[in-house]
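Contents: one structure, followed by commentary.
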Amino acid sequence: MGSRKCGGCLSCLLIPLALWSIIVNILLYFPNGQTSYASSNKLTNYVWYFEGICFSGVMMLIVATVLLVLENNKNYKCCQSENCSKKYVTLLSIIFSSLGIAFSGYCLVISALGLIQGPYCRTLDGWEYAFEGTAGRFLTDSSIWIQCLEPAHVVEWNIILFSILITLSGLQVIICLIRVAMQLSKILCGSYSVIIQPGII
């Protein structure tokens, strides 16, 4: 009972994290609230991977919904044996939690790459990735951020939003890993037998 409540709480936490991921990813398309850069495709290419909107957002909402249904449907029965039903619920929970790890992990990796690459901005030499060759060292040297003339404050905008996406997706990965560990513990520690003995059904 306690593990079901804990699992349900963890699944509920995925929902606000997914919603915030969608919001943060959308903000990346509008530096300083301006739409002209998105319409003219003058944004970092990692924004167009939709990591926060699709993967850490919509797909995680689907995963969270399925996990909540599995946790709350106490009377779910897929076969004649109660042990058999519990087995399949556990396996489904592990599968969808693993999908959650994959989706949020994708967002985590893409956001980290976008953060390290730096923004696409206008410099004295034209539109380019001004810090692409710095291997992320520009993140700790704010004195060179002035190289980006347009959009205004785009370096800070990208750093803050990509960092938030990394944090949100990282929390999602942790939550899904905990859920997988909880379900595996049911199997390995014998909360119930997942091996259907002959003659039970």
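Keep in mind that the numbers below use all heavy atoms, side chains included, and drop hydrogens, waters and symmetry copies.
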Among all residues two or more places apart in sequence or in another chain, which pass the side-chain contact (heavy atoms from CB on, under 4.5 Å) test with Y106?
Y49, E51, F55, I110

Taking only residues two or more places apart in sequence, or in another chain, which ones meet I175 in a side-chain contact (heavy atoms from CB on, under 4.5 Å)?
L10, L13, L14, L17

Please output the side-chain donor-acceptor pairs of residues 153-162 that fall under 3.5 Å, not counting sequence neighbours, one pair per line with the distance.
from, atom 1, to, atom 2, distance (Å)
W157, NE1, L27, O, 3.1

Side chain to side chain contact (heavy atoms under 4.5 Å, CB included) evaluation trace for N41 with W48
CA-CA 10 Å; N41 196 23; W48 302 106; 3.2 Å; yes

Has the side chain of S93 got a donor or acceptor atom that lies under 3.5 Å from a matching backbone atom of V89?
no

Using a 3.5 Å distance criterion without hydrogens, assess whether the side chain of N32 forms a donor-acceptor pair with backbone atoms of P151.
no

At what distance, to the nearest 0.5 angstrom, does [atom1] of [X] lie from [atom2] of [Y]?
{"X": "S104", "Y": "I166", "atom1": "OG", "atom2": "CD1", "answer": "13.0 Å"}
{"X": "I62", "Y": "M60", "atom1": "CD1", "atom2": "CE", "answer": "10.5 Å"}
{"X": "R179", "Y": "I94", "atom1": "CZ", "atom2": "CD1", "answer": "10.0 Å"}
{"X": "S39", "Y": "Y29", "atom1": "OG", "atom2": "OH", "answer": "13.5 Å"}
{"X": "F103", "Y": "S169", "atom1": "CZ", "atom2": "OG", "answer": "14.0 Å"}
{"X": "L113", "Y": "N45", "atom1": "CG", "atom2": "CG", "answer": "9.5 Å"}

Is L149 reachable from I144 through a run of hydrophobic residues whose side-chain heavy atoms are each under 4.5 Å from the next?
no

Closest contact, heavy atoms only, [X] versus [Y]:
{"X": "C12", "Y": "L68", "answer": "SG-CD2, 3.6 Å"}
{"X": "F138", "Y": "L115", "answer": "CZ-O, 3.4 Å"}
{"X": "C176", "Y": "I101", "answer": "CB-CG1, 3.4 Å"}
{"X": "G105", "Y": "V173", "answer": "N-CG2, 3.8 Å"}
{"X": "S11", "Y": "L67", "answer": "OG-CB, 3.4 Å"}
{"X": "A135", "Y": "I116", "answer": "C-CG2, 3.9 Å"}

Could you tell me whether F96 atom CZ has more than 12 heavy atoms of other residues or ligands within 6.0 Å of it?
no

Set of salt bridge (charged side-chain N to carboxylate O under 4.0 Å, His left out) partners for E150, sequence neighbours left out:
R122

Does the side chain of Q183 pick up a donor-acceptor pair with the side chain of S97 at under 3.5 Å?
no

Within the 3.5 Å criterion, strictly below it, is a donor on Q117 or T44 matched to an acceptor on the partner's side chain?
yes

I want to check something: taking the side chain as every heavy atom from C-beta on, are [X] and [Y] in contact at a cut-off of under 4.5 Å?
{"X": "N25", "Y": "C54", "result": "no"}
{"X": "F131", "Y": "L139", "result": "no"}
{"X": "I22", "Y": "L61", "result": "yes"}
{"X": "L43", "Y": "Y120", "result": "no"}

Per the disulfide bond (SG atoms under 2.5 Å apart) rule, what does the pair list look like for residues 121-154, sequence neighbours excluded?
C121-C148

Provide the full list of salt bridge (charged side-chain N to carboxylate O under 4.0 Å, His left out) pairs with a residue in residues 128-146, sequence neighbours left out, each pair given once.
none

